[in-house]
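One structure is given below, encoded as structure tokens.
Everything numeric in this text was worked out from a predicted model, so none of it was measured.
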Amino acid sequence: MTKKQLKLGVLLFGAGAHMNSWKAEDVEPDASINFDHYVNLTKKAEKNGADFVFIADGLYIDEKSIPHFVNRFEPIALLSALAPITSKIGLVGTLSTTYSEPYNVARQFASLDIISKGRAGWNVVTSPLQGSAGNYNKGNHPEHDLRYDMANEYLEVTKGLWDSFDDDAFVRDRETGVFYDKDKVHVLNHKGEFFNSKGPLNIQRTPQGQPVIFQAGASPKGIEFAAKHGEVIFNAAGTLEKAQEYYKAVKDAVKANGRDPEKVVILPSLSPITGATEEEVAANYEKLQQLISLDEALDYLARFFDHHDFKQYDPDAPFPDLGEVGSDGFRSTSDAIKAQAKEENLTLREVALQTATPKGNFYGTYDELADKLIYWLENDAADGFMLNEQVFGDAYDEFFDNILSKIAERGYYSYEYEGDTLRDHLGLDFKESRYAK
């Protein structure tokens, strides 16, 4: 019986996902804008057969923002620079549908897909932070469900623009002087509720047909959107049971949309805290905890609650009743935090420190984590994982050398790439043009 193969993405988050990862001694403090750092991480991921690297993004900062959010590269520029110095690994970037225009974004990702010879992916986000509106001339920040309605039309426009030319439209015949076949050009002429775009796009179809669409919706509206458009979907997951519930909900919704659930890849977030022994695991977790103060943890927690002021409360009292605070931005995350605090009767201090430095579901020795990842893979909780290292120092090497290697030895992971494009790696089909038939 063929074993299910683990798909792997690597979230490149400056010095790491921990808000104070830049303080760790085994990583460069300027990692968020250190190009050599990104090159090293990406090449190491490619050497170990990772399917893609992923660049997150945000459009608003203030004095409470995570340090490496304040000073970081724009994703498309960074990925375009990484493209010619890599050859196989996918290149995925975040770009907002709320604060951009479909025509520009279609050009950017089509260009990246051609530059990289078919390795581009777009993480579609709707921008959760209300402060983003102050940086753009687009009016007030739309509420949660409206942002997804806008994103749905946005994707329809972008996909239509990517199909502006047939695959064989550009003949470039020097003898006849015909550069492209004008009968194989399609004008979109989209006039919708939120967007107008005539087209055609001024770039040919790409090696993948269209770049791969990534999504991370966890709210009901987000799952609905992901089921319609998403090809790779990642989530915070939490426990095995919640991951299985999410996996089933998304796959069922994909099927209800007339799509093949086997052609949608679900990747829970993986932030391992590990070591060779239980003592090493505990020591490594202690190192992470020492990177952060209570005030910093409260600021970090506030990100998920529209920058609510948690310092007004007694940190050793039960987590405050916030009502609807935080429900519009990071809706699924804030709801999960409130639910856990209530279920476990946690204090504000406990919630803040756990949120900023979570043990998470992947806390244990190398052997324990390898077993757990395989179990999730085999039991309908994941198709793979999004590696989200707390600190991109020694722990990054340890994951490849001591966990991924064990999974490969047991036949659940291959270091060899399938084909040349990101779609090939992920087992996704070439995206045919809507005009192909």
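Listed for the Lys7 side chain is a donor-acceptor partner under 3.5 Å among the backbone atoms of His425. The main-chain N or O of Phe13 is never found under 3.5 Å from a side-chain atom of Arg72 such that the two would form a donor-acceptor pair. No donor-acceptor distance shorter than 3.5 angstrom exists from the side chain of Thr42 to the backbone of Val39, with no hydrogens or angles considered.
Counting non-hydrogen atoms of neighbouring residues, nucleotides and ligands closer than 6.0 angstrom, the CD atom of Gln354 exceeds 12 such neighbours. Crowding of Asp314 atom CG: a count of heavy atoms from other residues, nucleotides or ligands under 6.0 Å exceeding 12. Counting non-hydrogen atoms of neighbouring residues, nucleotides and ligands closer than 6.0 angstrom, the CD atom of Glu74 exceeds 12 such neighbours. The number of heavy atoms from other shown groups lying within 6.0 Å of NZ (Lys159) is above 12. Open room surrounds NZ on Lys47; 12 or fewer heavy atoms of other groups in view lie less than 6.0 Å from it. Counting heavy-atom neighbours within 6.0 Å of Asp316 CG, excluding the residue itself, gives a total above 12.
When each of Arg147, His144, Lys221 is checked for a side chain to side chain contact (heavy atoms under 4.5 Å, CB included) with Thr126, only Arg147 meets the rule. Considering Phe52, Phe399, Tyr396 in turn, Tyr396 is the only one that fulfils the side chain to side chain contact (heavy atoms under 4.5 Å, CB included) rule with Val10. Applying the side chain to side chain contact (heavy atoms under 4.5 Å, CB included) test between Leu95 and each of Ile55, Asp57, Ile76 identifies Ile76 as the sole match.
Ring-plane geometry between Phe392 and His37 is classed as perpendicular, the angle between the planes exceeding 60 degrees on a 0 to 90 degree scale with a lower cut at 30. Between Phe305 and Phe319, the ring planes lie tilted relative to each other; the angle falls in the 30° to 60° range. Ring orientation note: the planes of Tyr313 and Phe310 are tilted relative to one another, at an angle of 30° to 60°.
Between Met150 and Thr97 the shortest side-chain heavy-atom distance does not fall below 4.5 Å. You'll find the side chain of Phe362 stays beyond 4.5 Å of the side chain of Thr274, heavy atoms only. The shortest distance between side-chain heavy atoms of Thr277 and Glu280 falls below 4.5 Å.
For the salt bridge (charged side-chain N to carboxylate O under 4.0 Å, His left out) condition, the pairs that include at least one residue of residues 377-392, sequence neighbours left out, are Lys4-Asp383, Lys251-Asp383. Residues in residues 255-267 take part in these side chain to side chain donor-acceptor pair (under 3.5 Å) pairs, two or more places apart or across chains: Lys263-Asp429.
Inspection of the Ser132 and His141 side chains reveals no N or O donor paired with an N or O acceptor under 3.5 Å.
For the atom pair CD1 of Ile273 and CG of Asn361, the computed distance is 11.5 Å after rounding to the nearest 0.5 Å.
Judged by the 6.0 Å and 45° rule, Arg107 forms no cation-pi pair with Tyr103.
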